[in-house]
Amino acid sequence: QLERYPATRYMGSKQKLLPYIETVAQQCQFDMVVDLFSGSGIVSYLFKCKGKKVFSNDYMNMSYIFSKAMIENNNITFDLEQAKKLLIADEFFDNFVQKKFKDLYFSDQDNYLIDVIRHNIEKIENEYQKSIAQAALIRACMKKRPRGIFTYVGHRYDDGRKDLQKTFEQQFLEAIKNINAAIFDNKKDNNDLEDWQKELVKEKKYDSFNFEEEELEDDDYYSEDDNE
């Protein structure tokens, strides 16, 4: 199950450290894990796969969305045909990305599509399906950006790798499929926290904390799927 979690180019991702984290965790007896700085969500997902109750938290909204879609969510998926409808502009929508980010990160066509998807996502009523669509949009943006980096403008790192050759539509729909495949029920009431202090006080007990300090190093931009 663990290998189904979508790989990311998230800075500081602990994807490659999972065997070591698991080895250390096996030395302890615990049923609940608090991942206070969940980042890409991969460590939370590891413990979800191990049958633990997981509290996953991060200050960044992107990380919150990832965990909402694949940690807290145990059984809700997003139908691919419904996802395709998110690509269609059927009414007026704002052009925020097209105006504010023109000529910075993506082509005009991709900026247009991002605005269309953003607008349509807001009409999704189910909170987990909305988080799946949001996570897929984020992943599509990361995949379509050379090296997944937004600390520069333009396309000087575009080396023609497979991810960059795919259309934004393809990346978005592939992300939907990959996220759907990662969703499973570990029979625990997992939580993606925004106000984690209040929730932990309410829970009154916890067994294991995972604290992570992200290293902002250039090498961290590369991931196990960067050869695509």
Side-chain angles (χ1 to χ4, degrees), residues 4-11 13 39-41 58 60-70 73 76-183 221-223 225-228:
R4 295 186 178 184
Y5 195 81
T8 69
R9 294 178 178 137
Y10 185 84
M11 286 191 301
S13 172
S40 69
D58 200 284
M60 284 205 307
N61 193 50
M62 179 191 77
S63 300
Y64 171 78
I65 289 170
F66 285 171
S67 292
K68 186 78 173 180
M70 293 175 281
N73 178 19
I76 303 297
T77 57
F78 198 94
D79 181 73
L80 192 59
E81 294 304 312
Q82 291 298 114
K84 291 178 180 178
K85 295 179 180 179
L86 299 179
L87 303 171
I88 303 172
D90 59 357
E91 58 184 57
F92 173 80
F93 60 93
D94 72 66
N95 56 354
F96 175 79
V97 174
Q98 295 172 81
K99 291 189 300 184
K100 298 296 184 181
F101 296 94
K102 181 177 175 58
D103 298 327
L104 294 181
Y105 305 118
F106 302 109
S107 68
D108 289 344
Q109 176 59 32
D110 286 347
N111 285 337
Y112 167 82
L113 191 56
I114 291 170
D115 277 331
V116 171
I117 297 173
R118 284 178 48 248
H119 172 77
N120 289 332
I121 283 176
E122 290 307 309
K123 296 184 288 185
I124 300 174
E125 295 183 357
N126 183 278
E127 61 177 329
Y128 295 119
Q129 290 181 332
K130 176 177 284 190
S131 67
I132 292 170
Q134 290 172 324
L137 177 57
I138 293 169
R139 285 185 55 77
C141 290
M142 295 171 71
K143 288 281 196 175
K144 280 292 289 181
R145 185 71 180 150
R147 299 189 181 182
I149 306 174
F150 291 85
T151 54
Y152 72 95
V153 298
H155 304 276
R156 65 179 180 271
Y157 294 120
D158 187 347
D159 56 6
R161 67 186 63 196
K162 185 172 65 176
D163 272 342
L164 302 178
Q165 295 176 21
K166 294 178 181 178
T167 66
F168 199 93
E169 292 93 332
Q170 288 176 309
Q171 290 289 7
F172 177 72
L173 295 176
E174 283 186 12
I176 291 286
K177 289 189 290 186
N178 291 336
I179 293 169
N180 279 340
I183 296 167
Y221 285 109
Y222 298 90
S223 75
D225 68 341
D226 231 22
N227 60 346
E228 297 182 0

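We number each residue from 1, following the sequence as shown.
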- side-chain contact (heavy atoms from CB on, under 4.5 Å) against Ala133, all qualifying residues, sequence neighbours excluded: Leu86, Ile121, Ile124
- Results of side-chain hydrogen bond (donor to acceptor under 3.5 Å, both in side chains) for Tyr128 - residues two or more places apart only: Glu72
- Sequence neighbours left out, what passes side-chain contact (heavy atoms from CB on, under 4.5 Å) with Ala181? Give chain and number order. none
- Message: Holding to side-chain hydrogen bond (donor to acceptor under 3.5 Å, both in side chains), I want the full list of residues that pass it with Gln109, two or more places apart in sequence or in another chain.
- Response: none
- Message: Checking Leu104 now: which residues fulfil side-chain contact (heavy atoms from CB on, under 4.5 Å) with it, not counting sequence neighbours?
- Response: Phe101, Val153
- Note on the structure: Residues at least two apart in sequence or cross-chain that pass salt bridge (charged side-chain N to carboxylate O under 4.0 Å, His left out) with Asp108, listed by chain then number, are Lys102
- Query: Can you list every salt bridge (Lys or Arg N to Asp or Glu O under 4.0 Å) pair that touches residues 92-101, not counting sequence neighbours?
  - Reply: Asp94-Arg118
- Message: Among residues at least two apart in sequence or on other chains, which ones pass side-chain hydrogen bond (donor to acceptor under 3.5 Å, both in side chains) with Lys85?
- Response: Gln82
- Please list, chain by chain and in numerical order, all residues satisfying side-chain contact (heavy atoms from CB on, under 4.5 Å) with Glu122, sequence neighbours excluded. Lys130, Gln134
- Which residues satisfy the salt bridge (charged side-chain N to carboxylate O under 4.0 Å, His left out) test with Glu125, sequence neighbours excluded? none
- Using salt bridge (charged side-chain N to carboxylate O under 4.0 Å, His left out) as the criterion, list what pairs up with Glu169, not counting sequence neighbours. none
- Please identify each residue that fulfils side-chain hydrogen bond (donor to acceptor under 3.5 Å, both in side chains) with Glu174, with sequence neighbours left out. Lys166
